[in-house]
Amino acid sequence: MSLEIIPIGGFSEIGRNCCAVKVDDEVVICDLGLMLDKYIEYTDDEDLTDISPKKLIEVGAAPDIWLLDELKKNVVGICISHGHLDHVGAIPYLANRLDADIHATPMTCEVIKNLTNRDRRPIRNAIIDHPVNCKFKLTSKISIEFIHVTHSIPHTVGIVVHSNYGSVLYMNDFKIDHTPMLGQKTNMKRLEALNGIKCIVMDSLYADHKEKTPSEKIAHDMLFDQLLNTETDGKAIVITTFSSHIARMKSIVQLGEKLGRKVIMMGRSIDKYLNAAEKANVISFKGKIKVLPYRSKVDAWLKKKHDLSKYIIVMTGGQGEPKAVLARTVASGLLRLQQEDIVVFSCKVIPVSVNIENRHKLEENLQKQHVRIFSDIHVSGHGAKEDHRDLLKLLQPEHIIPTHGGMAQLGELKDMAVHDLGYKPEKVHILYNGQRVRLA
Ligand SMILES: [Zn+2]
């Protein structure tokens, strides 16, 4: 009899999330994500069709599933927590190597279909959708439970691997939000029922932030507060946010209604995520907005002399990415902004040097046009230290395995568990990829 955790990606690093749970000789994989900065560096952000999975692993852009080499035949299921690329992005490259079905919630399944069909990387694995709160039998030894959690993309779940040797909760990513602007709250009742669980593998990205992450309602209210209390008459409003943040998109659509402006969304990744959300019945923006996915359409629209003060224009590119719509059209002069037009960054800069540089350059270009910039109209989708404390007190897991963080974040989570919650240090495991832990 054995229950083991096999960390594959995202341990002592941020990105390419992937963790295996082994029950006797059967293996469940949770997430197959990309390390986005390394992926973009390797592909130069182009849609290449001849990317070699081996090379992606070598450059550290995809999880090293060779760590499972002798176990590859034993994979009985691939369970995906949510549709962010650092959790699903490696599926088109690696899932084919595993003879197992993919299990996910409806929105996540649509994102996966988009990645594999539309980007021309078909996979042979069946993609099976399940409700956001559900339990299903995977094999005679293993049942899987999905528990809905709030995050910055709809249909995110904690994945529970139930077995006779105890249950493991993989909760990566999450926040505890009691007033989400879209979809259900975190299912605290079901989490509470897991009290005394064998182990949690948990998102620790903001373990070093001494706060509780505010609700998405705060971001909604900030957006309304800032734009309803600013002179916007006759001014263009351009907003950028994360393409997958459907709740934020909903707030922007509501803001458009309030201001009597048409909402027009530009960029391929916005179109992909909106399509996935529409197909999964998460939202219905039909008739309320116009979407221009392709560069030719975006450029043609911007070349026409529209009165921009009649619109809210939503663009990809909050990190300042040179190939995204905002930076590209500002640099080329296609987006003709006037003095005191408004640009809203409804996002934070993800602090890696390339983003910081890109964003700095974009803001410099915007300032040349004397526009007004509203930054950080945003709250995170990741819980912080006080969310972690509440979750651990609710669950009281026997073992804690922090993930989705560098050494500093993993260490902070361990410190809190040991010093504040009374855990023995040997029950909180700080792991590198490949460093297995046997729990039973
Ligand atoms: Zn995420």
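For clarity, every value in this text was computed on a predicted model and none was experimentally measured. One-based numbering, in listed order, for ligands and for the atoms of each.
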>> Looking only at the side chains, is there a donor atom on one of His87 and Asp173 sitting less than 3.5 Å from an acceptor on the other?
In response: yes
> For the Zn ion (ligand 1), which N, O or S atom of Asp173 is at the shortest distance?
Replying inline: OD2
> Which angle, to 10 degrees, forms at the Zn ion (ligand 1) with NE2 of His82 on one side and ND1 of His84 on the other?
Replying inline: 90°
>> Can you confirm whether the side chains of Gln319 and Asn358 place a donor and an acceptor under 3.5 Å from each other?
In response: no
> N/O/S of His382 less than 2.8 Å from the Zn ion (ligand 1)?
Replying inline: no
> Is a salt bridge present between Arg248 and Glu216, judged by a nitrogen-to-oxygen distance below 4.0 Å?
Replying inline: yes
>> Under a 3.5 Å threshold, yes or no: a donor from one side chain and an acceptor from the other, between His84 and His151?
In response: yes
